[in-house]
Amino acid sequence: MKTVPDYFGELVFDDRVMKATLSARTYASLRHTIDEGEPLDPNVADAVALAMKDWAVSKGATHFTHWFQPLTGITAEKHDSFISPSPDGGVIMEFSGKELIKGEPDASSFPSGGLRATFEARGYTAWDPTSYAFIKGKTLCIPTAFCSYGGHALDKKTPLLRSMEALNRQALRVLKLFGNKTVKRVVSSVGPEQEYFLISKEMYDARPDLRFCGRTLFGAKPPKGQEMDDHYFGAIKPRVAEFMEELNVELWKLGIMAKTEHNEVAPAQHELAPIYTTTNIATDHNQLTMEMMQKIASRHGLVCLLHEKPFAGVNGSGKHNNWSISTNEGQNLLSPGETPYENAQFLLFLCAVIQAVDDYQDLLRISVATAGNDHRLGANEAPPAVISMFLGDELNAVLEAIESDTPYKGTKKTQLKLGVDVLPKFNRDTTDRNRTSPFAFTGNKFEFRMLGSSNSIACANIMLNSAVAQSLKLFADELEGSDAFETDLHNLIRRTIKEHRRIIFNGNGYDNAWIKEATEVRGLLNFRTTADCMPHLLDKKNVDMLTSHRVFTPDELRSRRDIMLENYCKTVTIEANTMVDMARTLIAPAVSDFAAHVARGAQAKLALDPALPCRYETSLAAKLSALSDRIDSGVSNLERALIALHDVPDVVAESEAIRDDILPLMCELRVACDEAESITAKSFWPFPTYSDILFSVR
Ligand code: ADP
Ligand code: MG
């Protein structure tokens, strides 16, 4: 029997395959590009393409595609076959360096927010040699970036790579200040924990809202939800276990280190976490993981829901972005070191993150903003929409001691002097207790918990890398000229803690009192919806920062704001239309049928004995009838508001109308329908209920 090490990565053109199939010179040249970010030598491309094609064909591949991450949707691909006519009338399998490096997908229908006028030539995809090619089905997939001919990024990968480059540049400057002469590269790494729901396909097919929107738009609370906490880490049901087993095998073949899996808090909710890796690869892997989850679920008669809030009143799904930065020499820069000097360096990097999160709260909120995630942030299981940082008691005490020049208990009651004292090792058991914080330090990494389950992790990491690069840049600017490094370093750290202390909060992030304190006393931002935060992408301070590090151009930022808002508007509009349709053609008729049924029951009773009171029937029929009327007017109001959207001048105004008019009307309609569900006989209800769906998989 094949064991995991036998097949791990068998569908990946990884380092082992490269070494085995490329000449020593080609391999060395490619490795140089991968490890040090040097441009690829064009002569190398042909040799790599040939080896890649032979390898892929030997694994049964017939096609290749440039695989990329457009601004909406999971991933995009356009398959071309390797075949090429041969003079004898047959075919040969061919693949050139040119085809490897550059592709021209017919991409006119990918969102570009006005960057690629339709008359303009098509956009192109460019190979990202730092992420390995892999085989999916019969297709060799080549991870690529996607740009317009004007050089504008039309995808999520390009700015992510640029942000990693910015972080690398600035972190190297800072490391030099600490006398590190050997470090060549600094990269950020991510381990994303992915939550999802698994429900039976039968239930899914019976609900138009799930099919069109990925979430339920109606549904009364089930008698049993997650109150008992009996699902979290509970025994995994056999059908789910089979799904997870197959998912693991498929992910392992793709070189994805799926590591842990368990049930989550809500019924039918689960989580999968991989072992962390370099951010751009982690991003590719997470996209692939989401795709495989959906594909494999369907092989088991299941549907994997990646929506952030598939069921109201039940925990939603998020994605925890565990993020750290480390050197090519293996030093984790967010880990307190063994020597006083390393500790000072750690504290400076820590301060860089603290300042970044405080200065760019808005960008972090924007990076996770979608219509789906708006339902989750601020509900009582996810972090609030207000961003704050949790550092844990120990680290907090260290920072307090530095800020106030007072003795720190961990260092023999002496004053903590940077560069002299050794910090304690921060135990993750004591730091990981706070699950309510949006941004928590967990010993040697930060866990950004606001991401929605369907979000690409690219967006959050672009902002995180860039914002931290910016703090590091300011620090390096200040310290590079210093002739009293230790004193200036100490003062810089102390000042940063003082100036940004407001972002640190170690209490319960779900508490309403915190939201009040955060916004009214500390002046932190609280953007409830996508419509509220997205316009701030174009605030001057944000544009200045992101363009100065060459992560985005001003045009790219404008187009992204438009695309994200358009996406928000489209998502909610589809939901509203689906509600109108379901309420009108399924719910209202069912309620009315049931009312008629009840009335007929009363009539039949009265026919037996006109003196029978029929109180049950009369009052129920009256309630049902009142609810039908409410549903009917709810549908009309929503429909009218949807029509009014046509007159809104631009996408910003449209997103505001969605937030102020459409969403409240959807809420109203839902309340009436859910009330009707709770008093309508089960046999009359036109689709599966929450209980049916949530407990459907055994
Ligand atoms: P949990 O948060 O559920 O208790 P862990 O902390 O063990 O679980 O791991 C969560 C994720 O964090 C995993 O994907 C893991 O690989 C990742 N992780 C661990 N160390 C680091 C690190 N230094 N940098 C980035 N991610 C990390
Ligand atoms: Mg976690």
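We count ligands from 1, going down the list as the structure has it; atoms in each ligand are counted the same way.
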> Roughly how far apart are Leu288 CG and Leu251 CG, rounded to 0.5 Å?
Replying inline: 8.0 Å
>> With salt bridge (Lys or Arg N to Asp or Glu O under 4.0 Å) as the criterion, how do Asp15 and Arg31 come out once you've worked through the C-alpha distance, each side chain's angles and the decisive distance to 0.1 Å?
In response: CA-CA 9 Å; Asp15 195 63; Arg31 214 47 266 177; 2.4 Å; yes
> Does ligand 1 have a heavy atom under 4.0 Å from the side chain of Glu193, from its backbone, from both, or from neither?
Replying inline: side chain
> With a cut-off of 4.0 Å, which atoms of ligand 1 are near a heavy atom of Glu447?
Replying inline: 2 (O)
>> Tell me every residue that passes salt bridge (charged side-chain N to carboxylate O under 4.0 Å, His left out) with Glu10, counting only those two or more places apart in sequence or in another chain.
In response: Lys2
> What orientation do Phe68 and Phe146 show, parallel under 30°, tilted 30 to 60°, or perpendicular over 60°?
Replying inline: tilted
> Does the N or O separation between Ser324 and ligand 1 drop below 3.5 Å for any pair?
Replying inline: yes
> Hey, would you say the Phe439 and Phe448 ring centroids sit under 6.0 Å apart?
Replying inline: yes
> Can you tell me how far the CG atom of Leu272 sits from the CD atom of Glu195, to the nearest 0.5 Å?
Replying inline: 11.0 Å
>> Tell me the contacting part of Thr442 for ligand 1: side chain, backbone, both, or neither, using a 4.0 Å heavy-atom threshold, strictly below.
In response: neither
> What atoms of ligand 1 come closer than 4.0 angstrom to any heavy atom of Ile275?
Replying inline: 16 (O)
>> Tell me whether Glu271 reaches ligand 1 (any heavy atom closer than 4.0 angstrom to a ligand atom).
In response: no
>> For atom 17 (C) of ligand 1, tell me which residue out of Thr279, Asn322, Asn332 has the closest non-hydrogen atom.
In response: Asn322
> Out of Lys445, His262, Arg449, who gets a non-hydrogen atom closest to atom 9 (O) of ligand 1?
Replying inline: Lys445
>> Are any of the N/O atoms on Pro192, whether in the backbone or the side chain, positioned under 3.5 angstrom from an N/O atom of ligand 1?
In response: no
>> Using the side chain to side chain contact (heavy atoms under 4.5 Å, CB included) criterion, which residues pair with Ala171? Sequence neighbours excluded.
In response: Val186, Phe349, Leu472
